[in-house]
Amino acid sequence: MSSPQLPGGWMSISTGFTKLCKGLAVVLIGGHIVVQILPFTVSYLALIPAKTIPFVWNLISAGYVEQSVYGVVISTIGLLFIGKLLEPIWGSREFLKFIFVVNFLTSACVFITAISLYYITTRELYLYLPISGFQGVLAGFFVGIKQLIPDQELSLLKIKATWLPSLAILVSVFLSFFVKESTSYLPTVIFGTYIGWIYLRYWQNKPETKLRGDPSDEFAFSTFFPEILRPAIDPVATIFERMLCGKRTEFDENGYTLGGASLSGSDSVEASRRRERGARALEERLAATGKTEETQTDASENV
């Protein structure tokens with residue numbers, strides 16, 4: 001039996017990309033071309049911990065510079081296709097804000113980690129290894145997919161979307177043992193995943209509910225791990241959450257506390273609404289591709 005395909009063929013799935021994602025794709029491709037034509041620009045655009053001070057713009061520019069052809073292809077395709085799902089649901093402004101925050105904070109965490117490793121090991125490799133790429137934001141996008149459509153099965157991988165971020169980290173760790181260049185991607189993927197979760201868990205604005213973040217149990221940090229490990233992960237995760245984000249004391253209009261304790265009603269309702277919006281967005285795209293296929297069929301029959 002042949003594997004199921006989206007209606008409309010390649011033309012239908014390769015259209016409908018947002019203007020913002022197309023613009024960011026141009027930035028990624030342009031950044032790659034610049035460092036290939038002018039290799040010395042890597043020293044000014046990539047994150048090189050020994051040069052980040054005074055070149056502090058590296059914390060922002062590094063995320064948009066892909067040094068390899070494979071990197072720019074994967075990042076561009078991931079941005080266009082994942083952005084086509086997330087941006088209409090989040091809104092262009094929130095989508096762009098997510099990219100900026102995740103990219104900047106991921107670079108900052110990688111910088112701090114590299115400096116710490118240098119002082120621990122005294123190996124200058126950690127100071128002068130140029131680190132760049134969009135993979136941190138892509139890892140954050142995977143967390144967004146986990147939040148919106150956790151129960152959606154990915155036909156290609158035969159797993160639910162909720163495990164996509166965890167799988168990305170496992171693959172990165174596995175490759176780091178065999179591909180030398182991948183070791184520069186590993187901390188970026190790990191921090192991108194965690195910062196993406198922090199943003200969506202605590203900081204994302206939700207005008208429709210007048211709340212910030214997603215305090216539902218279905219999006220807790222322990223859900224990145226197998227269920228058997230969650231009782232051990234939860235206490236440790238709670239400590240780090242309070243250290244990094246503090247304890248939230250906001251209340252919704254029904255009086256539910258949005259603190260460390262789980263909500264009895266509003267969290268599950270909001271989580272259900274978010275999953276419904278994600279599923280609805282997928283259905284709308286499938287419906288749109290179906291209409292495209294019908295139009296193409298009618299046109300071919302008329303010819």
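Keep in mind that the numbers below use all heavy atoms, side chains included, and drop hydrogens, waters and symmetry copies.
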All side-chain contact (heavy atoms from CB on, under 4.5 Å) counterparts of T122, not counting sequence neighbours: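 Here no residue qualifies.
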
With T238 via side-chain contact (heavy atoms from CB on, under 4.5 Å) - residues at least two apart: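 T238 satisfies side-chain contact (heavy atoms from CB on, under 4.5 Å) with R242 once adjacent residues are dropped.
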
So, do [X] and [Y] sit near enough that their side-chain heavy atoms are less than 4.5 Å apart?
X    : Y    : answer
E153 : K158 : yes
L96  : L20  : yes
R123 : L117 : no
F191 : T113 : yes
Q204 : Y199 : yes
T41  : L38  : yes
V143 : F219 : yes
I149 : L85  : yes

Donor on one side chain, acceptor on other, Q147 and D214, under 3.5 Å: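 There is such a pair between these side chains.
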
K146 and T223 side chains, donor-acceptor separation under 3.5 Å: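 Their side chains do contain a donor-acceptor pair, which is all the 3.5 Å distance test asks for.
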
Do [X] and [Y] sit in one hydrophobic cluster, given that two such residues count as connected whenever their side-chain heavy atoms are within less than 4.5 Å of each other, even indirectly?
X    : Y    : answer
I120 : Y126 : no
F177 : I190 : yes
L86  : L154 : yes
V65  : Y44  : no
V137 : V27  : yes

Worked check of side chain to side chain contact (heavy atoms under 4.5 Å, CB included) between I48 and F111: CA-CA 8 Å; I48 303 178; F111 169 74; over 6 Å; no

Residues which pass ring-ring contact (aromatic ring centres under 6.0 Å, His included) with F221, listed by chain and number, not counting sequence neighbours: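 Residues passing ring-ring contact (aromatic ring centres under 6.0 Å, His included) with F221: Y194, W197, F224, F225.
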
What's the separation between atom [atom1] in [X] and atom [atom2] in [Y], rounded to the nearest 0.5 Å?
X    : Y    : atom1 : atom2 : result
L59  : I53  : CG    : CD1   : 9.0 Å
K84  : L79  : NZ    : CG    : 12.5 Å
I145 : T162 : CD1   : OG1   : 11.5 Å
I99  : E94  : CD1   : CD    : 11.0 Å
F142 : L164 : CZ    : CG    : 5.0 Å
I195 : S107 : CD1   : OG    : 10.5 Å

Heavy-atom donor-acceptor pair, [X] side chain to [Y] backbone, under 3.5 Å:
X    : Y    : answer
S132 : A46  : no
E66  : F134 : yes
R212 : W203 : yes
T18  : C21  : yes
W163 : P226 : no
S61  : L45  : yes
H32  : V72  : no
N103 : G136 : no

Audit row: K51, L127, side chain to side chain contact (heavy atoms under 4.5 Å, CB included) steps and yes/no: CA-CA 8 Å; K51 299 181 179 180; L127 291 181; over 6 Å; no

Parallel, tilted or perpendicular: rings of F17 and F81 (30°, 60°):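 Rings of F81 and F17: perpendicular, over 60°.
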
From CA spacing to verdict: side chain to side chain contact (heavy atoms under 4.5 Å, CB included), I60, F100: CA-CA 8 Å; I60 297 176; F100 178 83; 4.0 Å; yes

Test side chain to side chain contact (heavy atoms under 4.5 Å, CB included) applied to T76 and I29, step by step: CA-CA 8 Å; T76 302; I29 296 173; 3.9 Å; yes

